[in-house]
Amino acid sequence: MAQQEPNYWLMKSEPDVYGINHLKQEVLTLWDGIRNYQARNFMRSMQVGDKAFFYHSNCKPPSIVGLMEVSKTGLIDPTQFDENSKYFDEKSSRGKPRWDCVQMKYVGIFNQSISLEELREIYTPEKLQVVKRGNRLSIMPVLKTTANDLLKRLGKPIV
DNA sequence: GCCAACGTTGGC
DNA sequence: GCCAACGTTGGC
């Protein structure tokens with residue numbers, strides 16, 4: 001069977017909470033704690049092998065810093081059942097879990113990251129959603145043409 | 001620290 | 001089903 005073309009995504013995380021270096025150390029991580037339906041639905045449409053730009057948010061400067069890859073899909077987010085987790089959801093049940101997640105795999109860090117400010121100079125919100133003012137979505141698709149252009153600018157990710 | 005944007009909740 | 005109140009995200 002022919003390999004399907006990967007889709008591209010952008011996923012935000014705060015470097016103090018879980019940054020690209022955490023992923024570099026762990027290699028694999030569960031992208032859990034997503035409590036937004038739109039973001040969850042994007043995760044549901046992910047395929048193993050899809051690529052995602054790792055975006056550092058809530059920091060100076062917010063930037064695309066690395067690349068990762070979807071390694072497992074359709075996983076139930078365990079934090080929704082954990083009463084001690086800040087992501088605990090009392091309205092979710094094991095019989096009918098509300099939140100799921102994917103497993104991501106480290107690919108590499110870009111030699112030179114691209115800041116949000118620079119992204120705004122290059123792309124319109126139609127070309128790259130994250131530059132849209134007030135965008136709070138933490139997971140969003142990236143158009144193939146934009147993704148290819150980004151990869152050209154960012155160069156080869158360093159493992 | 002401020003606040004714009006916007007998703008969610010709950011009263012009606 | 002509307003919408004006001006509230007909470008959160010995240011840039012600045």
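Nothing here was measured: the structure is a model prediction, and the numbers come from that model. Lettering of chains follows the sequences in order, A, B, ..., and the numbering in each one begins at 1.
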So does A:Glu117 have more than 12 non-hydrogen atoms from other groups sitting under 6.0 Å from CD? no
Side-chain (A:Gln80) to main-chain (A:Ser92) donor-acceptor, under 3.5 angstrom: no
Name the residue closer to the 5' end of DNA chain B, choosing between A:Gln38 and A:Asn58 according to the nucleotide with the nearest heavy atom. A:Asn58
Which residues, if any, of residues 126-135 of chain A bring a heavy atom under 4.0 Å of DNA chain B? A:Arg133, A:Gly134
Classify the nucleic acid contact of A:Lys12 as base, sugar-phosphate or nothing, counting any heavy atom under 4.0 Å across all strands shown. sugar-phosphate
Positive for salt bridge (Lys or Arg N to Asp or Glu O under 4.0 Å) with A:Asp100, one of A:Arg44, A:Arg40, A:Arg35, A:Lys72: A:Arg44
Within the supplied structure, the quantity of interest is the number of heavy atoms (other residues, nucleotides, ligands) at a distance under 6.0 Å from A:Lys105 NZ; does it exceed 12? no
Residue pair A:Leu128 / A:Val142, side-chain heavy-atom distance below 4.5 Å: yes
Hey, can you tell me if A:Tyr18 and A:Trp31 have their rings parallel, tilted or perpendicular (30° and 60° cut-offs)? perpendicular
Mind checking which nucleotides bracket the chain A contacts on DNA chain C, 5' to 3', with an atom under 4.0 Å from a heavy atom? C:dG7 to C:dC12
Measure the shortest side-chain to side-chain distance between A:Ser113 and A:Ile64 over non-hydrogen atoms and say whether it is less than 4.5 angstrom. no
Step through the shown structure and confirm whether more than 12 heavy atoms of other residues, nucleotides or ligands are within 6.0 Å of NZ on A:Lys144. yes
